[in-house]
Amino acid sequence: MAGGGGDELKLLSTWFSPFGSRVKLALHLKGLRYEYVEEDLTNRSRLLLASNPVHKKVPVLFHGGKALCESMVIVDYIEEAFPDAGTPLLPAYPYERAVARFWVAFIENKFVAPWSQLFEGAKSRSEKAEGLKQILAARMAMEGALEECAASKGKPFFGGDGVGCVDIALGGLLVWVRASEVLFGVKFFDAATTPRLSAWAERFAALDAAKAALPDFGRVLEYAKRVRGPAAGAVAASN
């Protein structure tokens, strides 16, 4: 675990959850210690059911015995609870914070939602094709955002010179995006089509926090091959 003063923190997640990876990224970027508890989504624990009774999903972060759910809500909380630790995850100014949160919501609604549908066995071929179309449109918008959003202005990350909440929202998905490229034969972050996103992905993956927080690509790819189709409920059981 990363060094720091967050000894009361406990993260309940799964090794493959891209949303759990978001929380791990935030914790490592802030330099906070935490206990990690692996959840079995095929046999949900009493701890998960009690701490997230509405959605019954991971990740769940416990701080001082209190449970928090939804990955980007947790990321926001980590920044607010530990503002002086490690890397700031939100811009300093209210306008830039609002713009960053807009792009986080955009990623959730326009990228994650259709991407998750690709793993739902009940979806028809035409529905999945529409989902791919939405993802490709979303990545072009993100390509432009990397150049133009308030904090970035052409700097290396969505957060500017350093990683911020938008980078975490997209970066937590990075290994799964690459696995999906293999599974579906579509290049989402392509140097020819989205050169900024492609370069961003390489920079992000090289970060120490990313190396510590993101799962192994080969292991994710094998898992994704198994869960693709009717058995893909475990992928959707995280947020």
Side-chain angles (χ1 to χ4, degrees), residues 1-90 100-101 104 107-108 112 116 159 162-177 179 204-205 207-217 219-220 223-224 227 233-239:
M1 304 304 173
D7 296 311
E8 298 179 43
L9 295 166
K10 178 165 69 174
L11 175 62
L12 179 64
S13 188
T14 64
W15 69 266
F16 56 81
S17 171
F19 308 103
S21 292
R22 288 172 166 176
V23 179
K24 290 179 183 178
L25 283 164
L27 291 167
H28 282 276
L29 286 163
K30 299 298 281 185
L32 299 170
R33 294 185 182 276
Y34 64 98
E35 177 188 355
Y36 176 75
V37 179
E38 179 74 12
E39 176 65 31
D40 180 3
L41 293 177
T42 63
N43 184 24
R44 288 171 173 80
S45 67
R46 291 184 179 180
L47 179 61
L48 176 59
L49 297 177
S51 57
N52 191 358
V54 176
H55 298 300
K56 303 177 179 63
K57 294 182 177 183
V58 295
V60 178
L61 182 72
F62 299 89
H63 183 206
K66 297 179 179 178
L68 298 117
C69 309
E70 303 285 333
S71 60
M72 294 311 297
V73 171
I74 295 171
V75 170
D76 264 9
Y77 175 83
I78 290 170
E79 176 61 25
E80 292 181 1
F82 304 96
D84 299 323
T87 302
L89 306 181
L90 287 166
R101 285 172 170 144
V104 168
I107 290 168
E108 299 295 75
V112 172
S116 297
V163 169
C165 63
V166 182
D167 299 280
I168 290 172
L170 192 59
L173 312 174
L174 196 53
V175 174
W176 270 96
V177 168
F204 189 91
L207 295 170
D208 289 342
K211 293 175 182 177
L214 297 182
D216 176 73
F217 168 76
R219 191 180 179 195
V220 166
Y223 178 81
V227 303
V235 178
S238 57
N239 56 14

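Computed from heavy atoms alone, side chains included, the values below leave out hydrogens, waters and symmetry copies.
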Grab the two heavy atoms, one from [X] and one from [Y], that are nearest each other, plus how far apart they are.
X: L25; Y: A209; result: CD2-O, 3.7 Å
X: G159; Y: D167; result: N-OD2, 2.8 Å
X: G171; Y: L214; result: O-CD2, 3.7 Å

Supply the atom-to-atom distance [X] [atom1] to [Y] [atom2], rounded to the nearest 0.5 angstrom.
X: L61; Y: L11; atom1: CG; atom2: CG; value: 6.0 Å
X: F16; Y: R219; atom1: CZ; atom2: CZ; value: 9.5 Å
X: K24; Y: Y36; atom1: NZ; atom2: OH; value: 4.0 Å
X: R46; Y: S51; atom1: CZ; atom2: OG; value: 13.5 Å
X: F204; Y: K211; atom1: CZ; atom2: NZ; value: 12.5 Å
X: S21; Y: I168; atom1: OG; atom2: CD1; value: 11.5 Å

Would you confirm whether [X], through its side chain, and [Y], through its main-chain N or O, come within 3.5 Å as a donor-acceptor pair?
X: R44; Y: L41; result: yes
X: K30; Y: F82; result: yes
X: W176; Y: F217; result: no
X: S17; Y: S13; result: no

Donor-acceptor list for residues 65-76 side chains, cut-off 3.5 Å, not counting sequence neighbours:
{"from": "E70", "atom 1": "OE1", "to": "N239", "atom 2": "ND2", "distance (Å)": "3.4"}
{"from": "E70", "atom 1": "OE2", "to": "N239", "atom 2": "ND2", "distance (Å)": "2.8"}
{"from": "S71", "atom 1": "OG", "to": "R22", "atom 2": "NH1", "distance (Å)": "2.9"}
{"from": "S71", "atom 1": "OG", "to": "N239", "atom 2": "O", "distance (Å)": "2.9"}
{"from": "D76", "atom 1": "OD2", "to": "R101", "atom 2": "NE", "distance (Å)": "3.3"}
{"from": "D76", "atom 1": "OD2", "to": "R101", "atom 2": "NH2", "distance (Å)": "3.4"}

Aromatic plane relationship, H28 with Y34 - under 30° parallel, 30 to 60° tilted, over 60° perpendicular: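 Aromatic pair Y34/H28 classed perpendicular.
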
Just so I know, are the side chains of [X] and [Y] near enough to count as touching, which here means a heavy-atom distance under 4.5 Å?
X: V58; Y: F19; answer: no
X: V60; Y: V37; answer: no
X: Y223; Y: T14; answer: no
X: V23; Y: I78; answer: yes

S45 and E39: side chain donor to acceptor below 3.5 Å: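 Checked: S45/E39 side chains pair up, N/O donor to acceptor below 3.5 Å.
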
Over 12 non-hydrogen atoms of neighbours within 6.0 angstrom of CG in D208: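 No, not enclosed.
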
Chi angles and distances behind the side chain to side chain contact (heavy atoms under 4.5 Å, CB included) call for L9, F62: CA-CA 6 Å; L9 295 166; F62 299 89; over 6 Å; no

Side chain to side chain donor-acceptor pair (under 3.5 Å) against T87, all qualifying residues, sequence neighbours excluded: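 Listed in chain order: nothing, the list is empty.
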
